[in-house]
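First the structure, in the form of structure tokens, and then the observations on it.
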Amino acid sequence: MDPTLCTTLARVDILSGLEDIPADLKDPVVTIGVFDGVHRGHQMLINRAVEHAQAAGVPSVVMTFDPHPVAVFAPDQTPPVLLPLAERARLIADLGVDYMLVIDFTRELAGESPEEYFESVIVNKLHASRVVVGENFTFGAGASGTAQTMLALGEKYRVDVDVVSLLFDGSARICSTSIRSALRDGDVAGAAEFLGREFSITAPVERGAGRGGRELGYPTANQYVADTGAVPGDGVYAGWFTVLDSSPLDGDMEPGIRYAAAISVGTNPTFGDDRRSVESFVLDRDADLYDRLARVEFIAKVRDMVKFDSVDELLENMARDVARVRDILS
């Protein structure tokens with residue numbers, strides 16, 4: 001589990017593994033999933049569990065996994081992570097959940113049969129009164145257990161099971177795969193529609209490749225996302241930049257305030273930088289942002305990434321980019 005994840009966040013208690021479950025946890029309503037992205041479908045599932053728990057006067061538990069289960073048994077097929085664990089926890093906490101149980105998904109857990117999984121985890125460890133899952137839920141060795149399996153096991157072990165239908169937006173099913181596809185295409189607005197909020201990345205501001213952004217008149221805050229993390233396709237975007245940590249800033253920006261930004265995603269081919277980065281030019285502001293934790297929210301794509309033949313051509317296009325960002329965000 002992410003060592004930076006606090007044991008409490010907002011109103012949710014973070015439980016690190018099955019052995020961390022409180023002995024006095026009684027009859028909780030549990031929902032299970034990776035919840036990568038905490039998109040609208042995930043929110044619907046978690047909200048259903050919270051509603052059941054509040055109606056029954058019992059705790060609600062979100063059981064999730066880190067790393068992604070696919071990373072354990074098929075690492076070469078692991079999808080890009082939409083949200084790091086700490087961001088997942090923040091969004092899940094905002095939904096009113098009492099406990100977030102983070103399971104280190106191992107081959108041993110993956111190797112349990114569906115009934116072993118249900119009996120050992122749901123019944124003996126969590127003592128759940130109800131389980132809420134999506135209709136496409138799978139569990140147990142080889143993902144051999146389904147939502148229908150869960151219903152049958154619930155009846156056998158006297159645990160209520162609520163199977164929730166998948167959520168659609170028109171004819172499109174809301175799922176993490178569709179969100180990743182939209183991001184690859186640079187369709188951040190489409191991704192936001194499925195997420196129920198703007199897609200964002202959160203990372204510290206680092207020193208870039210030293211290509212003289214300040215001297216060019218466009219100083220950028222450079223952030224680098226792990227290779228396993230999802231980012232929009234290469235290009236220039238309009239969005240918002242927010243410093244998250246609370247220490248005062250040296251300059252005319254304040255922590256916690258969203259500032260308009262022109263955001264470049266890519267390797268910056270004009271200057272031969274092969275590190276993929278997210279670079280934000282915060283409009284009309286100047287502050288020392290190095291080593292500050294910041295969130296960048298993507299609103300709309302401005303253009304694709306292009307390699308320019310000269311610095312003058314680059315500057316002309318950057319000026320047009322900034323003007324377009326102002327129009328979009330106004």
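Just the heavy atoms: all of them, side chains too, but no hydrogens, waters or symmetry mates, feed the values below. For reference, positions follow the sequence shown, starting with 1.
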Going through the distances and angles, do Val278 and Ile263 end up as a side chain to side chain contact (heavy atoms under 4.5 Å, CB included)?
CA-CA 7 Å; Val278 175; Ile263 306 158; 3.6 Å; yes

**Asked** Are His39 and Phe194 near enough that their ring centres are under 6.0 Å apart?
**Response** no

Excluding Leu293, membership of its hydrophobic cluster (Ile, Leu, Val, Met, Phe, Trp, Tyr; side-chain heavy atoms within less than 4.5 Å) reads Leu244

N-O pairing of Arg326 and Asp284 below 4.0 Å:
yes

Verify the distance criterion only: is there a donor paired with an acceptor across the side chains of Asp36 and Ser176 at less than 3.5 Å? no

Item checked: Side chain proximity check, Leu166 to Asn136, heavy atoms < 4.5 angstrom -> yes

When you check the side-chain N and O atoms of Thr220 and Asn222, is any donor under 3.5 Å from an acceptor? yes

**Message:** In the structure I gave you, are the side-chain heavy atoms of Arg197 and Leu91 within less than 4.5 Å of one another anywhere?
**Reply:** yes

Q. So, does Asp250 use its side chain to make a donor-acceptor pair with the main chain of Asp288 at under 3.5 Å?
A. no

Just checking, any donor-acceptor pair under 3.5 angstrom between side chains of Glu297 and Tyr237?
no

- prompt: Checking Glu119 side chain against Glu116 main chain: does a donor-acceptor pair fall under 3.5 Å?
  reply: no

Whether Glu206 side chain and Tyr290 backbone form a donor-acceptor pair below 3.5 Å
no

Report task. Start with the C-alpha gap between Asn317 and Phe308, add the side-chain angles, then the distance that decides, and say whether side chain to side chain contact (heavy atoms under 4.5 Å, CB included) holds. Result -> CA-CA 9 Å; Asn317 277 272; Phe308 299 108; 3.2 Å; yes

- Query: Any chance the side chains of Thr149 and Thr146 put a donor and an acceptor closer than 3.5 Å?
  - Reply: yes

Are Arg88 and Thr64 linked by a side-chain donor-acceptor pair shorter than 3.5 Å?
yes

Discussion item. Taking the six-membered ring of Phe241 as reference, does the cationic atom of Arg295 (NZ for Lys, CZ for Arg) lie under 6.0 Å from its centre and within 45° of its axis?
Written reply: no

Q: Take atom CD of Glu155 as the centre, draw a 6.0 Å sphere, and report whether it contains more than 12 heavy atoms from other residues, nucleotides or ligands.
A: no

Review point. Would you say the side-chain atoms of Tyr99 pair up with the backbone N or O of Ile21, donor to acceptor, closer than 3.5 Å?
Key: no

With heavy-atom distances below 4.5 Å as the criterion, would you say the side chains of Arg303 and Arg320 are in contact? no

Any Val29 side-chain heavy atom under 4.5 Å of Val61 side chain: no

Item to check | Asp27 backbone acceptor or donor facing Ser129 side chain under 3.5 Å | outcome: yes

So CG of Asp234 and CG of Asp304: to nearest 0.5 Å the spacing works out to 9.0 Å

Rounding to 0.5 Å, atoms CZ (Arg324) and CG (Leu329) come to a distance of 10.0 Å

Practice item. Answer yes or no: is there an ion pair linking Lys301 with Asp187, defined by an N-O contact shorter than 4.0 Å? Key: no

Correct closest heavy-atom pair for Ala147 and Gly134 would be CB-O, 3.8 Å

*Ignoring hydrogens and geometry, is there a side-chain-to-backbone donor-acceptor pair from Asp66 to Asp104 under 3.5 Å?*
no

Rounded to the nearest 0.5 angstrom, the CD1-CG distance for Ile103 and Leu18 is 4.0 Å

Discussion item. Counting C-beta onward and ignoring hydrogens, is there a side-chain heavy-atom pair between Leu45 and Val132 closer than 4.5 Å?
Written reply: yes

*Please check if any side-chain donor atom of His52 sits under 3.5 Å from a side-chain acceptor atom of Asp162, or the reverse.*
yes

Review point. Hey, is Arg40 close enough to Asp169 for a salt bridge, meaning N to O under 4.0 Å?
Key: yes

Are the side chains of Phe118 and Val123 in contact, using a 4.5 Å heavy-atom criterion?
yes

*Any sub-3.5 Å donor-acceptor pair from Arg292's side-chain atoms to Val243's backbone N or O?*
no

Do Arg276 and Asp227 meet the salt-bridge criterion of a basic N to acidic O distance under 4.0 Å?
no

